[in-house]
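Comments concern the structure below.
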Amino acid sequence: MDAQAMHIANGIVNGPVSAIFVVFAVAVLAVCVRRARADLDDRLAPMAGLVSAFIFAVQMLNFQVLPGVSGHLLGGTLAVILVGPWVGALCVSTVLIVQCLLFADGGLTAIGLNITNMALLGTAAGYLLVAGLLRVLPKNPGGLGVTAFAASVVSVVVASQGFVLEYALGGTTDLSLPWISGTMAGVHVLIGIGEGLIAATTVATVARVRPDLVYALRKFRKPVVLEEVAA
Amino acid sequence: MTRKLGWFLAGGLLVALLLAGVVSNFASGSPDGLDATAREGCTFGADGEITGGTCMAQRERDHQMKDSPLADYGIRGVHNEAVSTGLAGAAGVLITFGIGAGGLWLVRRRERKAA
């Protein structure tokens with residue numbers, strides 16, 4: 001039997017906790033929409049559509065990380081680098097909502113949990129790492145690739161621990177939390193390395209072909225433009 | 001939208017369509033990290049049903065959308081697995097692009113920046 005479920009299914013975390021995270025996710029996404037408005041222009045909107053579609057495609061590509069265990073890209077870091085944190089969180093959420101409603105992947109009851117972990121926590125962690133690393137690393141395809149790799153590994157592990165927190169609050173069985181946390185962290189380090197390689201290849205390629213379309217490089221370019229104008 | 005951005009978008013979409021439509025058939029069929037962790041501790045029968053033990057997945061319930069024509073990344077009624085997965089993946093790419101680009105187009109800032 002092919003395992004096609006990739007996200008938290010219904011019934012893993014109880015109803016009340018799932019409902020609380022739906023409210024939380026909606027509230028944070030509302031903030032994201034407000035903040036994304038400032039970033040979104042005629043170019044970034046179609047770019048965000050492409051990033052969403054690309055993440056959907058790559059999430060279908062499960063790669064083996066251990067015997068009998070696979071993993072797939074979550075996409076938060078990739079989205080942060082290409083379209084910024086606010087639009088990025090909306091891109092990953094779009095993917096999760098399409099997967100839930102059309103492809104029956106990730107429980108409808110669990111949609112708040114899945115959005116919180118992958119679209120919000122994963123993207124926020126990826127953003128913090130990207131912002132920090134790009135202060136010191138070169139702003140070229142190589143530096144961007146290294147940034148994408150490192151930020152992806154951290155982002156995926158953080159997202160996996162989001163699930164552990166949710167399970168601690170509303171898990172439907174009595175299992176040892178340290179065991180769940182350790183197992184999830186361990187396997188997601190391996191998944192993060194896979195995601196890191198995909199994300200690094202992708203952003204380095206875009207940075208080579210169209211550096212002007214890479215959101216993370218925007219603020220490093222602006223001063224140059226201003227100087228040119230002043231001169 | 002500049003013509004060059006149009007070409008970039010078309011190229012990117014083509015890559016996504018190939019990944020979801022073709023490469024997806026070579027993806028690993030093993031449960032992912034979350035699913036594998038959730039199943040650890042239980043024993044499973046031939047049809048994948050839980051036969052015993054304690055694991056996170058034991059109270060798992062069916063998906064509300066399990067009867068969706070695209071459920072589980074296949075097209076209902078298409079029996080060739082590769083064709084079914086590929087078409088479902090390609091449809092998903094186009095739908096996700098449409099909703100993502102369309103939705104964010106609606107919330108984009110309208111006013112032209114004074115240069």
Side-chain angles (χ1 to χ4, degrees), chain A residues 1-6 8-12 33 36-38 40-43 45-46 48-50 52-54 56-58 60-65 68-72 87 90-91 94-95 98 100-104 107-108 160 163 167 171-173 175 180 183-184 187-188 191 209-210 213, chain B residues 1-2 4-5 8-9 12-13 15-17 19-20 23-24 27-38 40-41 47-48 54-66 68 70-74 85 88-89 92-105 107-109:
Chain A
M1 189 195 81
D2 266 5
Q4 300 284 18
M6 306 195 293
I8 304 172
N10 289 326
I12 305 277
V33 169
R37 203 181 284 267
L40 280 165
D41 52 25
D42 290 359
R43 287 154 61 83
L50 177 58
S52 308
F54 186 79
F56 174 89
V58 181
M60 285 182 76
L61 309 179
N62 282 55
F63 46 86
Q64 207 75 27
V65 292
V69 184
S70 74
H72 60 78
V87 178
L90 297 173
C91 287
T94 303
V95 173
V98 169
C100 173
L101 294 181
L102 294 177
F103 294 87
L108 185 56
S160 82
F163 168 76
Y167 203 80
T172 50
T173 55
L175 286 164
I180 295 174
T183 308
M184 285 292 281
V187 70
H188 282 85
I191 294 172
V209 182
R210 288 295 300 268
L213 293 179
Chain B
M1 199 193 304
T2 61
K4 269 187 96 182
L5 180 60
F8 180 84
L9 291 175
L13 268 181
V15 172
L17 285 170
L19 292 176
V23 183
S24 58
S28 163
S30 301
D32 70 10
L34 170 67
D35 205 21
T37 310
E40 207 158 306
D47 294 330
T54 306
C55 64
M56 289 192 279
Q58 72 188 60
R59 311 268 303 264
E60 185 176 323
R61 290 192 307 271
D62 273 348
H63 200 286
Q64 290 92 336
M65 303 293 156
K66 68 179 166 52
S68 158
L70 291 170
D72 297 326
Y73 300 89
T85 305
V93 165
L94 296 176
I95 292 166
T96 310
F97 176 79
I99 294 177
L104 290 164
W105 183 266
V107 302
R108 80 194 188 282
R109 61 168 196 269

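A note on names: the letters A, B, ... follow the listed sequences, proteins ahead of strands, and every chain is numbered from 1. Below, each value reflects all heavy atoms present in this structure, side chains not excepted, and no hydrogens, waters or symmetry copies.
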Side chain of [X], backbone of [Y]: donor and acceptor closer than 3.5 Å?
| X | Y | answer |
| --- | --- | --- |
| D32(B) | L34(B) | yes |
| T172(A) | G11(A) | yes |
| N62(A) | H72(A) | no |
| S70(A) | S30(B) | yes |

Between [options], the one whose heavy-atom pairs under 4.5 Å with chain A are most numerous:
| options | answer |
| --- | --- |
| M56(B), R61(B), E40(B) | M56(B) |
| A57(B), G41(B), C55(B) | C55(B) |
| I99(B), L104(B), V15(B) | L104(B) |

Most heavy-atom pairs under 4.5 angstrom with chain B, which of [options]?
| options | value |
| --- | --- |
| T94(A), V209(A), L50(A), L90(A) | L50(A) |
| Y167(A), F63(A), F163(A), F56(A) | F56(A) |
| D41(A), I191(A), V87(A) | D41(A) |
| L102(A), V187(A), V98(A) | L102(A) |

Please state whether the side chain, the backbone, both or neither of L108(A) comes within less than 4.5 Å of a heavy atom of chain B. both
Can you tell which part of V69(A) gets under 4.5 Å to a heavy atom of chain B, answering side chain, backbone, both or neither? both
So for [X], is it side chain, backbone, both, or neither that comes closer than 4.5 Å to the heavy atoms of chain A?
| X | result |
| --- | --- |
| A36(B) | side chain |
| I95(B) | side chain |
| Q58(B) | side chain |

NZ of K4(B) to CZ of R43(A), rounded to nearest 0.5 Å, is 9.5 Å
Separation of M6(A) CE from F103(A) CZ (nearest 0.5 Å): 9.5 Å
Do L61(A) and S24(B) have side-chain heavy atoms sitting under 4.5 Å apart? yes
Applying side chain to side chain donor-acceptor pair (under 3.5 Å) between N10(A) and each of E60(B), H63(B), Q64(B), report the one that passes. Q64(B)
